[in-house]
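Treat the numbers as computed from the prediction; the structure is a model and nothing was measured. Residue numbers begin at 1 in each chain, while the letters A, B, ... track the order of the sequences.
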Protein chains: 2
Amino acid sequence: MKASLRDISERTGVSITTVSRVLNDKGDEFRISKETQKKIFFTAKELNYVPNQTGVNLQSGKTRTIALIVPGLVNPFFANVASSIATEIQGTGYNTLITDSNENIEIEKDELKQMISRNVDGIIIASAGHDGSHINKIDDMGIPIVCIDRYFDNLQVPFVATDNFLGAEMATDHLLKRGHNHIACIQGAMHSMPNKIRIKGFEHTMNRYGIQDCTITGSDFTVQNGYTETLLLLQNKPFPTAIFTLSNTIALGCMKALKENNVRVPEDVSLITFDNHPYLDYLSTPLTCVAQPFQDICRIAIRLLFSMIDKEDLTTKQVLLRPEILVRNSVKRI
Amino acid sequence: MKASLRDISERTGVSITTVSRVLNDKGDEFRISKETQKKIFFTAKELNYVPNQTGVNLQSGKTRTIALIVPGLVNPFFANVASSIATEIQGTGYNTLITDSNENIEIEKDELKQMISRNVDGIIIASAGHDGSHINKIDDMGIPIVCIDRYFDNLQVPFVATDNFLGAEMATDHLLKRGHNHIACIQGAMHSMPNKIRIKGFEHTMNRYGIQDCTITGSDFTVQNGYTETLLLLQNKPFPTAIFTLSNTIALGCMKALKENNVRVPEDVSLITFDNHPYLDYLSTPLTCVAQPFQDICRIAIRLLFSMIDKEDLTTKQVLLRPEILVRNSVKRI
DNA sequence: TTGAAAGCGCTAACAT
DNA sequence: ATGTTAGCGCTTTCAA
């Protein structure tokens with residue numbers, strides 16, 4: 001069985017307090033004899049002692065743990081975010097707990113509850129929810145929480161995300177400048193803020209070029225959605241000259257449908273997508289994309305979170321970062 | 001602040017015990033009046049009560065938590081594994097804590113220690129280590145632990161992985177049958193079991209075809225490694241007719257180097273790789289690969305882990321699963 | 001139908 | 001230089 005301070009105390013004949021002190025490197029501070037210290041360290045090692053954090057937590061209320069909740073690790077964007085956050089937090093003395101809500105708001109709420117139950121010191125979340133009321137409640141409770149990617153601009157809750165309006169504008173502009181004006185946009189989860197804003201950016205830019213009716217279809221950030229919607233698009237005459245997909249995953253499904261129907265990119269249709277991915281460069285047609293600065297998003301989110309944990313007062317708590325357009329060969333000039 | 005049982009007890013005027021009972025749905029069992037129950041539930045809601053798991057854990061020693069430690073979420077294989085495990089565990093009443101060791105054994109050891117400190121009920125790990133002594137120690141302590149992908153066959157610790165020998169055999173055979181006999185293999189982390197076994201499978205198959213000296217290079221499962229090694233390979237005369245990369249990520253780096261040097265696949269060189277990925281189908285040359293049954297690996301690992309947690313005795317504790325070869329167009333018959 | 005008290009592992013304030 | 005004690009939030013035994 002796992003050894004406790006008491007076990008060591010019994011074996012060594014000194015009090016639990018002394019054992020605790022020595023094992024917390026406060027032996028010298030309390031002028032505990034080298035002799036005793038040595039004995040304690042030895043016994044601890046012998047018994048394979050690992051401190052039971054539960055005891056510490058209960059005592060201090062702190063866990064030195066950050067929770068990260070993402071809607072889906074299968075989405076490379078979130079896998080990157082998770083990896084990036086875990087890496088950044090390493091070395092700060094904190095640990096990262098990652099959970100996956102599977103785009104399910106009920107699971108998300110449950111996970112959130114679990115995290116609070118576990119006394120995590122802070123939470124970073126990309127919420128699957130339509131509204132942020134459950135997140136607001138946590139913020140109200142005084143538990144440090146920051147949203148990334150999926151945020152709620154009607155709340156005071158801090159967030160870090162891509163400037164999705166700008167991103168969509170850049171993509172649409174790229175298409176329009178190259179002579180496309182029949183553009184179809186395949187969107188993701190309609191209620192999510194990034195999606196809503198991207199759509200706004202798309203429509204705004206189209207309007208600026210005098211195009212009033214925009215084709216917008218789709219309903220979630222899955223490969224399946226990209227596939228189905230493209231198949232549907234293929235039924236329409238005339239077929240758009242360009243497609244703008246709002247994620248990596250949607251682009252993948254879109255390409256699948258296109259390929260199966262022998263529609264070539266960019267000869268028959270141009271394609272531009274949100275999200276970069278290492279593979280995009282090696283596709284039969286390397287895909288032009290709007291890359292999100294996910295590393296910066298993570299870093300700033302962590303910075304914000306720690307400022308809340310440390311009760312430091314930052315003025316800027318809601319930040320939108322500039323995306324970048326990576327031009328490859330999937331858009332044809334017409 | 002967070003409300004505790006005591007707060008509710010004080011507000012309602014009943015004892016902590018009663019509050020605890022009601023909130024744990026044992027109100028009827030203890031025949032606590034509907035009246036009192038209602039009052040307690042109401043107050044709990046009002047105070048936003050969330051049970052402090054720390055207290056529960058301390059009391060029970062159980063956390064209903066499974067830890068998953070992977071060497072890198074950036075690797076799509078592990079992202080898939082993480083997502084799959086999290087999903088499978090949802091609904092069992094357990095939670096999953098995912099951490100990323102970044103292929104760093106020191107970080108891994110620290111995380112392992114943290115997890116034990118946190119009293120997780122079980123651990124699933126894809127270890128970054130050369131040997132499994134640290135894992136064996138945990139097993140010895142009686143803490144349920146199972147290895148996935150990266151395992152140690154000299155230990156009794158349960159594991160689930162792909163039959164890497166068979167996988168490598170299938171890939172090599174595929175190449176040899178199509179007339180290739182000058183094959184270069186770019187490997188990953190040399191000390192890791194999957195890598196070692198894949199190399200064995202490769203060499204064994206080559207030998208079976210009467211080829212004694214095999215080109216084997218590379219040192220880790222990164223894109224960079226694939227890139228560098230391919231560049232090096234390109235210096236050699238004669239250049240191999242086929243390349244066998246031992247992971248997804250290595251294949252990516254390999255393709256990058258190939259592309260930059262205008263070497264076409266499969267016209268100039270054939271390519272086959274370990275690991276499937278949704279994008280592989282849409283590459284300029286769809287890549288033939290050995291797909292690992294990661295879903296099954298996850299399911300069985302969880303099954304094994306729970307059997308240990310429940311002290312159920314399974315006879316088979318070390319399982320190797322059959323991979324599958326997905327033939328696409330990256331291998332030319334010569 | 002309800003409560004008091006003990007104890008899980010740990011730290012810290014207060015002795016000595 | 002080391003120990004005693006109380007208390008963190010919770011469940012459970014025993015009592016009423």
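- In this structure, A:I16 places its CD1 atom 16 Å from C1' of C:dA13, rounding to the nearest Å.
- No side-chain N or O of B:T63 forms a donor-acceptor pair with one of B:Q53 less than 3.5 Å apart.
- A straight line from CG of A:L58 to P of C:dC10 spans 12 Å, rounded to a whole angstrom.
- Within the 4.0 angstrom heavy-atom criterion, only backbone atoms of the sugar-phosphate kind lie near A:T36; the bases stay farther away.
- Taking atom CG of B:N57 as the reference point, atom C1' of D:dG9 lies 11 Å away to the nearest angstrom.
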- Message: As a quick check of understanding, evaluate salt bridge (charged side-chain N to carboxylate O under 4.0 Å, His left out) for A:R299 and A:D296, giving each step before the final call.
- Response: CA-CA 5 Å; A:R299 283 200 195 107; A:D296 292 325; 3.6 Å; yes
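- Counting only heavy atoms from C-beta on, A:T17 has its side chain closest to D:dG3 among D:dG3, C:dC10, D:dC10.
- Under 4.0 angstrom from either OP1 or OP2 of D:dT11 there lies no side-chain N or O belonging to B:K26.
- Each of B:F30 and A:N52 has a nearest nucleotide on DNA chain C; the 5'-most of these lies closest to B:F30.
- Under the side-chain hydrogen bond (donor to acceptor under 3.5 Å, both in side chains) rule, A:T54 has a single partner from B:N119, B:T54, B:N57, which is B:N119.
- Listed nucleotides: D:dT11, D:dT2, C:dG9. Nearest to the side chain of A:S33: D:dT2.
- For B:R21 against C:dG3, a side-chain-to-base donor-acceptor contact under 3.5 Å is present.
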- Going through the checks in order, is the salt bridge (charged side-chain N to carboxylate O under 4.0 Å, His left out) test met by A:E312 and A:R303? CA-CA 11 Å; A:E312 179 189 337; A:R303 177 76 181 81; 3.2 Å; yes
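- Across D:dG3, C:dT2, D:dT11, the shortest atom-to-atom separation from the side chain of B:L5 is found for D:dT11.
- When rounded to the nearest whole Å, the span between CG of A:D25 and P of C:dT11 equals 12 Å.
- Comparing C:dT2, C:dG9, D:dA1 by their closest approach to the side chain of A:R31 singles out D:dA1.
- With rounding to whole Å, A:N119 atom CG is found 15 Å from C:dC10 atom C1'.
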